[in-house]
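Presented below is the structure to which this report refers.
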Amino acid sequence: MNVYAPILVLGALGAGFAIFSVVMASIVGPKRYNRAKLEAYECGIEPTPHAAGGGRFPIKYYLTAMLFIVFDIEIVFLYPWAVTFDALGLFGLVEMLLFVLTVFVAYAYVWRRGGLEWD
């Protein structure tokens, strides 16, 4: 448990600072609301009205998000592998090459199918 104590203390300090900042901002901060502040801000463009159920997003948006998640997970697996590369030896190298090859095949498939086109 002594090994994890600094991590827990740092997490508690971070959470405490975040909670303190939010609470103090709501207590001390100005509360002058007007119509302009309560409107949605869309990159400086006048907000457009949406249907009652909300606007529909094109399916391309969701496909791009899923592709990002799939290829981002590769990095999650690459970092611990790089840290323990010496301990894993040749077995770790072969396994990671197979993993990267699998991800590359998926990338090539998506590229070939036009999943990376923004039209």
Side-chain angles (χ1 to χ4, degrees):
M1 186 64 180
N2 290 336
V3 178
Y4 297 110
I7 297 171
L8 293 174
V9 170
L10 184 62
L13 282 173
F17 178 74
I19 292 170
F20 174 77
S21 298
V22 170
V23 169
M24 289 307 293
S26 66
I27 293 172
V28 179
K31 295 170 182 61
R32 293 183 298 263
Y33 300 109
N34 58 29
R35 199 177 102 199
K37 282 188 178 181
L38 295 176
E39 283 188 20
Y41 180 73
E42 295 182 5
C43 303
I45 300 171
E46 202 60 40
T48 57
H50 293 289
R56 294 184 65 176
F57 288 99
I59 191 69
K60 190 74 165 174
Y61 173 79
Y62 297 106
L63 290 176
T64 304
M66 286 189 285
L67 286 174
F68 172 76
I69 290 170
V70 166
F71 291 119
D72 195 45
I73 289 173
E74 179 183 7
I75 300 303
V76 171
F77 286 117
L78 279 175
Y79 183 74
W81 171 78
V83 170
T84 60
F85 177 71
D86 290 337
L88 294 174
L90 184 62
F91 173 76
L93 179 63
V94 170
E95 289 298 320
M96 190 50 68
L97 285 175
L98 289 173
F99 175 72
V100 170
L101 181 68
T102 305
V103 172
F104 181 72
V105 167
Y107 175 71
Y109 174 77
V110 169
W111 188 5
R112 185 105 165 126
R113 296 276 312 222
L116 302 175
E117 298 294 325
W118 290 96
D119 295 290

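Note that this is a predicted model, so its numbers are computed, not measured. This chain uses plain numbering: 1 for the first residue, then up along the sequence.
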[Y] reachable from [X] in the ILVMFWY side-chain graph, under 4.5 Å edges:
X: Leu90; Y: Leu88; result: yes
X: Ile69; Y: Trp111; result: yes
X: Tyr4; Y: Leu10; result: no
X: Leu13; Y: Ile19; result: no
X: Phe71; Y: Val76; result: no

Spatial distance of atom [atom1] ([X]) from atom [atom2] ([Y]) [nearest 0.5 Å]:
X: Trp81; Y: Glu74; atom1: CH2; atom2: CD; value: 11.0 Å
X: Phe91; Y: Met96; atom1: CZ; atom2: CE; value: 10.5 Å
X: Tyr62; Y: Leu67; atom1: OH; atom2: CG; value: 15.0 Å

Do [X] and [Y] have side chains that approach each other closer than 4.5 Å (heavy atoms only, starting at C-beta)?
X: Phe85; Y: Leu93; answer: yes
X: Val110; Y: Leu63; answer: no
X: Val103; Y: Phe99; answer: yes

